[in-house]
Structure formats: C-alpha cells, structure tokens
Amino acid sequence: MLNALITFAYRAWQGIAARFQFPPLPKLGLLHHLLLSAALMFIALLARLLIAPIEAGWQYVTFFPAVTLAVIAGGFWAGIFATVLGVIIATWIFIPPYYSIALEDFKTVMWPNMVFLSDGLIISFSIEAMHRYRQKYENELREAKESEVRIKAVNKELDEFTYIASHDLKEPLRGIHNYASFLKEDYSELLDEKGLQYVSSIQRLAERMSSLTDQLLAYSKLGSTEIKKEAVNVDAVVDEVMEDLRSLCIGGIEFRRANKLGSALGDAVRIGEVFQNLIANAAKYNDKPVKWVEIGRDDSTKLIPVFYVRDNGIGIPVQQQGSVFRIFKRLHEQNKYGGGTGAGLTIVKKIIDRHGGHIWLESVPGEGTTFYFTLSGGE
Amino acid sequence: MVSTKKIVLVVEDSEDDFIATTRAFDKVGLLNPLRRCSNGDQALDYLYQRGEFSAADAAPRPGIILLDLNLPGTDGREVLRAIKTDPHLQQIPVIVLSTSNAEQDVADCYKAGANSYVQKPINLTWLTEVMTRIKEYWLEVSIMPGDSQ
C-alpha cells in the first residue's frame, strides 16, 4: 500500500516535473527505497507518539519493526537509512533536552543507541543476505526448468530425426536386397559358387541392416510415445509373455515362478516387452545341460517392488556388465546364441527409464545372471 | 471369377521399388495391365483424367490402386483422402503399401478409408508372397463393383 502510494507520488511528481521542465528525478530505485524508509520511520514515529508520552523513554520501540519492514521492502541501504534516521529522530525528540539535537545528547543514551544501531545493521545485513540467497535459488530453479524444457525438445528432435533417417535408409536397402535377388535369379548360371555366396552375403547384410533400423525405429518411438501409468497385473503380463515365448519353441528350458509378482503401476504392454526381452535373453544365453529361468519379486527392501529374472546361463564378465545396455553392443559374435541385433537390453532400459525406475544386474560368469528392475523411483 | 481386365494402378515414386513390384507381379502370374504414376499429382491427374491424361483413352479407370505413402510433392495420404472423398472414385479399393508400420500411419490410413495396409517387405521372396495374396484376395476372391454386370 505504502509502496504504491510512494510510486504514485513519484509518478505524479515526474509528471509535474516534466510539465514545468524541472531537472529529471533520479531513477525509481534506490531513491524510491529511501523514500519508503523515511515514510515507514514517520509512521513508526506517529505510532510511538500515540502509545506513550514523549518522556516515557521507549524511544526505539516502534522503530525496530519499521527498520525490518524497510529492509524487506527496500533492501540493505533502505534498512541502514532507516536506522540512521531512527537514531536522529530519537535523539531529537525523545532524549532530553527534547526537540534539540547535539552530540552531547547522543552520549547520554549511548547504550540504547548502540543496541538500535547494531540491530539495524544486523537486520539489514541478514534480511538482504536471505533475500539474495533466495533469489539465487530461484534463478537456479528457473535455469534448471529451462534446461529441462530444452533437453526435452532436443530429445524429441533426436527421436524424430532417428525415425525419419531410419525410414529413408530402408528404401535403398530394399533396393540393394532386391537387386541381389535379381542377380541370383537371372544370372545364377553365370556365377560360380563363390559369386553366389557373395550375393547371398549382400542379402544377409541388407536384412541385418533392415532389422537394425527397425530396432532404431522402435527405440526412437519409445522416446516420443506416452507411457501409461495404470495398475498392472504383473503375473498376467508374464503369463502372456511366457505363452508367446513357448510358441516360439524355446524348448528344453524350465521356467520357474518364485512367487506372486503382484501388481505395479505402469504400462502393461511395455512391462511385457521388458519381461519378454529379459526372459528371451535368459533362455538364449545358456549352455547348461539343464537350463532354467526364474522370475520373481524381491520384497526384501519393502519400499518398492523389485522384479527379477534369474538364469543359470553363461553369465556376464564384470568388465562387460556396464556396456550391456548400450545400443547394438553385442557381447558375442553374431552367429552365436541365436544372434540378435543387440538392441533388446537398450530398449528394456529405456522403458524402465521412462517409468522412472532402475535396472541393474548381478552376474557370475559361468554360473548365471540376475537382472533386477523397479518401475518407479521409490520416492 | 478371375478378372484379368482390371487395371492395376501402382503409385510409386521409387523406380527400384516399382521394378521389384512388377517382377513380383510377373512371378505370381498377374496378367492384369499395370499402370504406374510416380508421384501424387500424377496419380490425381490420372484418376481425374486431366493434364497429361486428358485424352479419352489415356487413363482407363483402375480396378485397384496400390498406393505408396511417402511420395514427393502431394503425399500418398492426400491422394488417399482425395480418392475416398470423391463419390466417383471412392469405390476403387486402395491398398496402401508403405515402408512405415507406425501406428499413426496405419490408423490414419484406415480412417481415411484405405481398404488394406501392407508393409513393404525388404525381401523379394516376401514381396512375392505379398503380391500373391493381393492377387488372390483382391482380384480373385473379392467381388468388386461392376463385376456382376
């Protein structure tokens, strides 16, 4: 209110000054704040005069809150100005001889004056410091928010780029494959066995690149599609995944269900993809005569459900454990363990990231691997 | 009910894809006359018998259209929309042939009235398989407008 009044007075004076061509006022800023302090001190003086007679002492009782308000509204210098003003007013009015000011008077009430002066200084300093700290924090928060928006935009652009690029890559790829097929069909009698083998290799590589771009597409699509957060019956999801995997003839493997998986918040289709990839990997990378895969839920932390997929497979060497989630990173030659593009675990990790969860693994080479994951941060 | 007179209009910008398509058609013994437009505007000119197709017998009405989605200039999606909103053309079955299997593309095409959506396979063997099915279903099994006359 007071602030608005002062601003109004300042603007009004500016108008008058402009009309009569007075020299322009200093910028609304420090001057404004000093005026505000003066006004606050004036109000404090009136309040003091109302509550007690001049002779009662109590010269600073209303000045303390006035100084505090002055710093809050006007900052450090406004507070200091109000403090000095307070000392002068108190000495002039409330210290005998009344309505006179002299250095001698100041000496007679030196201690109360010192208390007021030092308090004014401390209040000005600490409120200003708090204010600056808060501003710094707010700036940081704003910057963090801005960079988050920027990162989201960049990621979206990257996903779009991947989508378009992998799309456009497929057309020439199809051409290469087709012409290799034409060559095989039309000129097979002109090529010897080696030549035919080369043509087959061209086809094989084109098909491989096609599945790589498919995976890249799937990966980029994951970044831009919305992840639903619904209550998911994890047992039912895993049942369905197992049904699909069995129809793909993963034979000779014992699937174990350690316990009930219960429910979790997330996107059922995506959670199915996670289990599908982890279980397929567990079944694939296994050279034991008796192979098993165990799926369960570990509630030992009691905070959030941790799901796991455990196998007695070949295991992952410690030095490789960090890179299993990297896209197209394969730990084995292409033709070993049934092949694959090397994107499965990358997609698994992205799905879990999008859910806000974590994935990690424990593995002993030659004995087996356990992948653990959560579907939320647990905050 | 084999109809060998129906014209198959292929809207395809890629020369290589068109060569593969014709080859697959030959393989499956598709005897229907094949016409090709290499972009969306040309396809619309053909269907509306205007521009380079304004002569009386330059653009006989196709019995079925194989439409690529990603075309230079006027897009396959716009061509599809134009066909399916035109009372004279909307009866012609349109089979979308695209590299994309994106949900959005599939949904948009069916919404716009596509009669089928097929992803272009990378493998010529699969393409031949696809063309066999298209031939059997659309040109042999299905009864098309005008067949019963």
Side-chain angles (χ1 to χ4, degrees), chain A residues 156 159-188 196 199-228 267-270 272-273 341 347, chain B residues 10-30 34 36-40 66-73 75-77 95-109 117-132 134:
Chain A
K156 196 163 174 272
D159 282 331
E160 275 167 12
F161 171 79
T162 317
Y163 182 80
I164 293 165
S166 43
H167 240 263
D168 288 352
L169 283 174
K170 284 195 96 172
E171 195 189 301
L173 208 55
R174 207 164 43 229
I176 291 169
H177 195 282
N178 285 339
Y179 286 116
S181 304
F182 300 168
L183 208 59
K184 226 175 174 179
E185 285 174 7
D186 298 353
Y187 299 94
S188 55
L196 284 171
V199 178
S200 293
S201 294
I202 295 174
Q203 288 180 309
R204 180 174 52 80
L205 290 172
E207 269 168 38
R208 183 165 163 69
M209 191 162 163
S210 168
S211 60
L212 286 175
T213 47
D214 277 342
Q215 293 297 314
L216 214 54
L217 266 171
Y219 182 75
S220 72
K221 235 193 289 184
L222 255 186
S224 48
T225 46
E226 210 53 53
I227 295 282
K228 280 181 259 170
D267 192 314
V269 177
R270 301 299 176 199
E273 265 179 82
T341 52
I347 287 174
Chain B
V10 179
V11 187
E12 172 62 76
D13 63 316
S14 157
E15 189 66 36
D16 304 303
D17 276 355
F18 181 67
I19 290 172
T21 306
T22 49
R23 200 179 165 101
F25 273 156
D26 284 347
K27 252 191 191 165
V28 304
L30 189 99
L34 215 64
R36 178 202 178 190
C37 295
S38 55
N39 61 56
L66 298 185
L67 179 66
D68 184 18
L69 272 195
N70 294 317
L71 298 170
D75 200 56
R77 298 160 184 85
I95 299 168
V96 174
L97 264 179
S98 170
T99 313
S100 161
N101 65 342
E103 274 167 56
Q104 194 65 46
D105 285 337
V106 178
D108 286 349
C109 283
Y117 190 110
V118 179
Q119 193 185 9
K120 276 187 196 170
I122 179 166
N123 194 310
L124 190 65
T125 320
W126 299 337
L127 182 68
T128 313
E129 186 68 25
V130 165
M131 290 310 168
T132 310
I134 288 178

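Bear in mind the structure is a predicted one, so any value in this text is a computation, not a measurement. Per chain, numbering begins at 1; letters A, B, ... match sequence-line order.
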Quiz item: Does the side-chain hydrogen bond (donor to acceptor under 3.5 Å, both in side chains) test come out yes or no for Gln203(A) and Ser181(A), once each step is laid out?
Solution: CA-CA 8 Å; Gln203(A) 288 180 309; Ser181(A) 304; 2.8 Å; yes
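Salt bridge status for Arg270(A) with Glu273(A): present, with a side-chain N to carboxylate O gap under 4.0 Å. The pair Asp17(B)-Arg174(A) meets the salt-bridge criterion, since a charged nitrogen lies less than 4.0 angstrom from a carboxylate oxygen. The pair Asp186(A)-Arg23(B) meets the salt-bridge criterion, since a charged nitrogen lies less than 4.0 angstrom from a carboxylate oxygen.
Each of Glu103(B), Glu15(B), Lys27(B) has some count of heavy-atom pairs under 4.5 Å with chain A, and the biggest count is that of Lys27(B).
Interface remark: Phe182(A) contributes backbone and side-chain atoms alike to the contact with chain B (heavy atom separation under 4.5 Å). Both the backbone and the side chain of Asn123(B) come within less than 4.5 Å of a heavy atom of chain A.
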